[in-house]
Amino acid sequence: MTNTISILGSTGSIGRQTLDVAEQMGLRVAALTANSSVERMEAQCRRFRPRLAVMTDESAAKDLAVRLADTDIKVLGGFNALEEAATAPEAGTVVTAVVGMVGLKPTLAAIREKKRIALANKETLVCAGELVMDAADTYGAEIVPVDSEHSAIFQCVQGCAGRREIRRLILTCSGGPFYGMTRAEAGKMTKADALKHPNWKMGPKITVDCATLMNKGLEVIEAMRLYRLPLEQVSVVIHRQSIVHSLVEYRDGAVLAQLGTPDMRLPIRYAMTYPHRGESPEESLDLLSCPPLTFAAPDRETFPCLRLAEAAAAAGGTACAILNAANEEAVGLFLAGQIGFYDIPRLVEKARASVSVTQAPDLEEILAADREARRAVLGK
Ligand code: NDP
Ligand code: MG
């Protein structure tokens, strides 16, 4: 059981919900980080009194230092300071809730300090999952997933004797706001349409990923890395109600699932309390009033990002880092209103075609692939 945590990305959707859970559980907070949301960070610092606050944006860090001058909270700026937050000695658990592969180096730093990693930042596992999982094994650091599907699977494999017992993992997928549309209809959808997720309130990048189904593709790779299973043993099923959070099918045919209301505070809390369970003040699932549970196959033609992610997973090596970096840049362009919905898979495909894949890459090769893929998308 964790008493003290650090949160990388505390001002975001997962970060704020983690602070709700921390407050409810009476956890102490050692370090908080954000990019540029100074006002929100100041409020969090005054409420939770961390020893360290980091803003990766240097001018935001200067602003925060002025605002917190009446406190004894240490304020640091820049990317390298994320590692200082990730390794704060008081914290037993580091919640990785930044968005994007910027989370990779601080996650590795926390692993080397044997912290428990409450992992929300899926891009880290997508681009360097094998390195991260190997490092966790080497240093004896626990990785407890926060992503709702992977938390569900984590809960369903407690008591599983080994991964040979597993026939397949079944990730559920809401289908996103454009579910059921034709390509022509989805192609007209704008940023505002994409940001309306039917069941979850999340940060903008993951919300767009949910609309393209890239999120589910990234999650397929995340599941392969966390459970060291091949692509053939990870499948996806559309489940519009987001009540069954994912399932594990065992070799004897038993299928175990975790159900609950769509509320990220459950997986966040479990990452803190594992292997125990904490008391939750949130509303629990009422089976008699919940809608009928439905399941369907995903449409990989209208939503090619899922197919692209699966192809990168099959290619291995740096292919997933290339896919992820290209997607981060393409989603950034879509959110800036500069490209259309289907330009996202087009640009990802372009980066995959133009950047060569290195097998069994080290960290430097992964970072180089990431940079090249970004250049391929931005045309720089
Ligand atoms: P948000 O966009 O809401 O929050 C992102 C956080 O990261 C903010 O604190 C932000 O700071 C910080 N940040 C953004 N860019 C940088 C950067 N370049 N360097 C350092 N810090 C940065 O994202 P979410 O909370 O939605 O998602 C966080 C992660 O969790 C993602 O990887 C996502 O895929 C994953 N996840 C999220 C779920 C959800 O329900 N939201 C569900 C499952 C997984 P600032 O506020 O200053 O910009
Ligand atoms: Mg998820």
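All values below come from the heavy atoms of this structure, side chains included, with hydrogens, waters and symmetry mates left out. For ligands, and for the atoms within them, numbers begin at 1 and follow the listed sequence.
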(Q) Whether R163 engages the ring of Y227 as a cation-pi pair (distance to the six-membered ring centre under 6.0 angstrom, angle to the ring normal within 45°) should be assessed. (A) no
Q | Flag, side chain of Q241 to backbone of T294, donor-acceptor distance under 3.5 Å | A | yes
(Q) Given 3.5 Å as the limit, does a donor-acceptor pair link the side chain of T71 with the main chain of L68, or not? (A) yes
(Q) Please check: side-chain N/O of E185 versus main-chain N/O of T182, any donor-acceptor pairing under 3.5 Å? (A) yes
(Q) Are F341 and F178 an aromatic pair, judged by ring center distance below 6.0 Å? (A) yes
Q) ligand 1: which residues have a non-hydrogen atom closer than 4.0 Å? A) G9, S10, T11, G12, S13, I14, A34, N35, S36, S37, T56, F79, A97, V98, V99, V102, A120, N121, K122, E123, D147, M202, G203, P204, I206, M264
Q. Does the K115 side chain pair with the main chain of A91, one donor and one acceptor, at a distance under 3.5 Å?
A. yes
Q | Residue-atom pairs from the protein, N, O or S only, that lie under 2.8 Å from the Mg ion (ligand 2) | A | D147 OD1, E149 OE1, E219 OE2
Q | Under 3.5 Å donor-acceptor, T318 side chain and V357 backbone | A | no
Q.
Please evaluate residues R167 and Q233 with respect to the criterion side-chain contact (heavy atoms from CB on, under 4.5 Å), reporting the C-alpha separation (whole Å), side-chain torsions for both, the decisive distance (0.1 Å), and the verdict.
A. CA-CA 7 Å; R167 188 180 283 162; Q233 281 176 269; 5.7 Å; no
Q | Main-chain N/O of G100 paired with N121 side-chain donor or acceptor, under 3.5 Å | A | yes
